[in-house]
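Encoded as structure tokens, the structure appears first; notes follow it.
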Amino acid sequence: MNIRLDLMIPELFLFCWAIVVLTADLFFIKEKKNILLYMSQFGFLAAAALVIFTPTGPYEMAFKWMFINDPFASFFKIVILLAGFMAVSSSYEAVQKSIEHKGEFFGLVIMSAVGMMFLVSSGELVSLYVALELSTIPLFILTAFQKRYLKSSEAGLKYLILGAFSSALLLYGISFMYGMTGTTVLIAGSINILQYSNSMHFGLVMALALVVAGLGFKLALVPFHMWAPDVYEGAPTPITSYLSVASKAAGLGALVRIIYGFFTVGTASDYWGLLIAILAAMAMIVGNVAAILQSNIKRMLAYSSIAQAGYILVGFVAASQLGLSGISIYIFAYLFANMGAFAVVVAVGHKLNSDKIEDYAGMARRSPLIAGSMTVFLLSLAGIPPTAGFIAKYKVFMAAIENGTLLWLVMIAVATTVVSIFYYARVIKEMFITEREVAANPEGRWILSSPITIAILVGLLGTLIIGIFPQPFLELASTVTQSFVY
Amino acid sequence: MQVGLVHFLSLAAILFGIGLYGVLTRRNAIGILMCIELMFNAVNINFITFAKFITPEKLTGQVFAVFVIVIAAAEATVGLAIVILIYRNFKDVFIDRMNIMKW
């Protein structure tokens, strides 16, 4: 047993910090609770710094295989922590206006980030399941956090029921993985499969289907996506942004661990590629087509994020080092663009009390910063150069083409990208071209609070820097995935 | 007749099926939460069975079942709290009333 607590320093720090934030809530009067926001921002940044200085490598493990701190895990931890930082920063207005229990709000966001960090570096099924629940249970509470707002409670109930239901499916699959191999360690399990592969065919296929269904709910892939638009619309907007990026990144990390670590050997290896490829195709088609029909920007971004998960899976199916580094750069680009877009939605929602796309009319005159950065974010989500989204899509599609058998998937991906430009461009058109008298809030220039400006600027800089100077980021993405075994 | 692995697994599968059916058909939010608990307990039977028959010398399955029980309890706590919240806002807990948001 190798108890290497030094590998877990970022998680342990962040866990303690969540309790510090919760406790600090008691010591500040109502007018000074903003300090909690700055404390949580500091917590996320400090944890990210600690992740960078923690030793990483394919053999840096704690508690046998329970906690693997390879570069891949560190990379995903940075993504999760940046998402947490930006979500907390963009929550300034929402917290002032409609969140009553501020200490619990920030404490739960941090706690859920701890769960996600454990999730992406778990190499064993017990720790994976516990980490998954640690990351989702706080999110149920956060979704239902605006107590007097009917949509928020409804979203909370829907998320809770489908979240619990999906973990039951996942667990049933995990119980078969354990039953077939006699161990909960993923690597040891795959070795056992290699030895006795033929006698466990049915159990493995069943486990694969259940695990993919369970994680598919967390990632909002298409047959399992119905909760996503409702939850994204009802939840407080900063939480929506956190859900759409951090929880997706963490779920993807878990999917990579389970599928690449366990199902790529033996008889189930013939099935998972096709299964995930079909899920990816459906996510891209349904997500993009449904997004066209939306009039609420949060719902539109919800469907767009379903489609983005599909594009990420295109790289996942490629099952190569190129594909995995494509996924990494994609999730990085998606982080900045989506968090930035949601920060803009928070800012506009605060000023106008509306999430309707048509109320974005004339945004370019009201606030050039908002209109300009929103344009960059949407172009990046659509994958248009010179933004990060273009580089990411390019890498993912290249990986799938090099795989050889996935040309049909790439063709669907490219076709749906063209569809997606339609609804992203509609928002841009409203902001810059539409001349309509908007009754609500006719005041001139907007002044934004500094935390939310930071969130928007981080998103803007990230999107543009990756888009214009992609080389260091591509190198980073390929080094973090080098040590991974397929 | 000896009661063996297959019998226990079948029991778990039947329980899981009942829970799954209940989640998909019940209208009452509390009923749905109960059916989800049923699914978790089916999983627990699976774990204990595999621990007994596949790895009798190790405790992994039992330990996993204990973790599942604890986390299911935590989930039920949050779930019931949210159901109370729903009751305060909607004045009942039937999920076909939860249709403020569509499409």
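Within every chain, numbering begins at 1; the chains are lettered A, B, ... in the order of the sequence lines, protein sequences first and strands thereafter. Below, all heavy atoms of this structure are taken into account, side chains as well, without hydrogens, waters or symmetry copies. It should be emphasised that the depicted structure is a prediction, and the values quoted were computed from it without experimental measurement.
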(message) Please classify the contact of B:N44 with chain A as side chain, backbone, both or neither, using a heavy-atom distance under 4.5 Å.
(response) neither
(message) Heavy-atom cut-off 4.5 Å, strictly under: side chain, backbone, both or neither for A:L171 against chain B?
(response) both
(message) Suppose we screen for side chain to side chain contact (heavy atoms under 4.5 Å, CB included). Which residues come up paired with B:L15, at least two apart in sequence or across chains?
(response) B:L38, B:A42, B:I45
(message) Between B:L5 and chain A, with a heavy-atom cut-off of 4.5 Å, which part of the residue counts as in contact: side chain, backbone, both or neither?
(response) neither
(request) Might you confirm whether atom CZ of B:F90 has over 12 heavy atoms from other residues, nucleotides or ligands at distances under 6.0 Å? (result) yes
(request) Could you verify whether a donor N or O on one side chain and an acceptor N or O on the other, from A:Y423 and A:N288, lie under 3.5 Å apart? (result) yes
(message) Please classify the contact between A:L169 and chain B as side chain, backbone, both or neither, with a heavy-atom cut-off of under 4.5 Å.
(response) both
(request) Give, as side chain, backbone, both or neither, the part of B:I32 having an atom under 4.5 angstrom from any heavy atom of chain A. (result) side chain
(request) With chain A as the partner chain, list the residues of residues 16-28 of chain B whose heavy atoms fall under 4.5 Å from it, by residue number, and write 'none' if nothing qualifies. (result) B:F16, B:L20, B:V23
(message) Side chains of B:T60 and B:V63, heavy atoms from C-beta outward: is any pair under 4.5 Å?
(response) no
(request) Name the member of A:G156, A:A302, A:A144, A:A164 that forms the most heavy-atom pairs with chain B at distances under 4.5 Å. (result) A:A164
(request) Specify whether A:F224 and A:F217 have parallel, tilted or perpendicular ring planes, treating 30° as the upper limit for parallel and 60° as the lower limit for perpendicular. (result) tilted
(message) Which atoms of B:A72 are under 4.5 Å from chain A, going by heavy atoms: the side chain, the backbone, both sets, or neither?
(response) neither
(request) Measure the shortest side-chain to side-chain distance between A:L119 and A:L128 over non-hydrogen atoms and say whether it is less than 4.5 angstrom. (result) yes
(request) Take A:M206 and A:L210 through the side chain to side chain contact (heavy atoms under 4.5 Å, CB included) test and state the conclusion after the steps. (result) CA-CA 6 Å; A:M206 190 161 159; A:L210 286 163; 4.1 Å; yes
(message) Can you confirm whether A:E124 sits close enough to A:L186 that some side-chain heavy atom of one is under 4.5 Å from a side-chain heavy atom of the other?
(response) no
(request) Going by the ring pair (Phe, Tyr, Trp, His ring centres under 6.0 Å) test, name the single residue among A:W227, A:Y159, A:F145 that passes it with A:F140. (result) A:Y159
(request) Specify whether A:Y129 and B:F64 have parallel, tilted or perpendicular ring planes, treating 30° as the upper limit for parallel and 60° as the lower limit for perpendicular. (result) tilted
(request) Determine which residues belonging to residues 73-81 of chain B lie within contact range of chain A, meaning some heavy atom pair is under 4.5 Å apart, and list them by number or answer 'none'. (result) B:A74, B:E75, B:V78, B:G79
(request) Starting from the C-alpha separation in whole Å, work towards a yes-or-no answer on salt bridge (charged side-chain N to carboxylate O under 4.0 Å, His left out) for A:E100 and A:R148. (result) CA-CA 10 Å; A:E100 282 169 51; A:R148 285 179 196 79; 2.5 Å; yes
(message) If we check side-chain contact (heavy atoms from CB on, under 4.5 Å) with B:M98, which of these qualifies: A:D230, A:L150, A:L157?
(response) A:L157
(message) Between B:T49, B:I95, B:N99, B:V83, who has the most heavy-atom pairs with chain A when the cutoff is under 4.5 Å?
(response) B:N99
Which side-chain N or O atoms in residues 174-182 of chain A pair as donor and acceptor under 3.5 Å with protein atoms at least two apart or in another chain?
| from | atom 1 | to | atom 2 | distance (Å) |
| --- | --- | --- | --- | --- |
| A:S175 | OG | A:Y172 | O | 2.7 |
| A:S175 | OG | B:N46 | ND2 | 2.9 |
| A:Y178 | OH | B:T55 | OG1 | 2.8 |
| A:Y178 | OH | B:G61 | N | 3.2 |
| A:T181 | OG1 | A:M177 | O | 2.7 |
| A:T181 | OG1 | A:T183 | O | 3.2 |

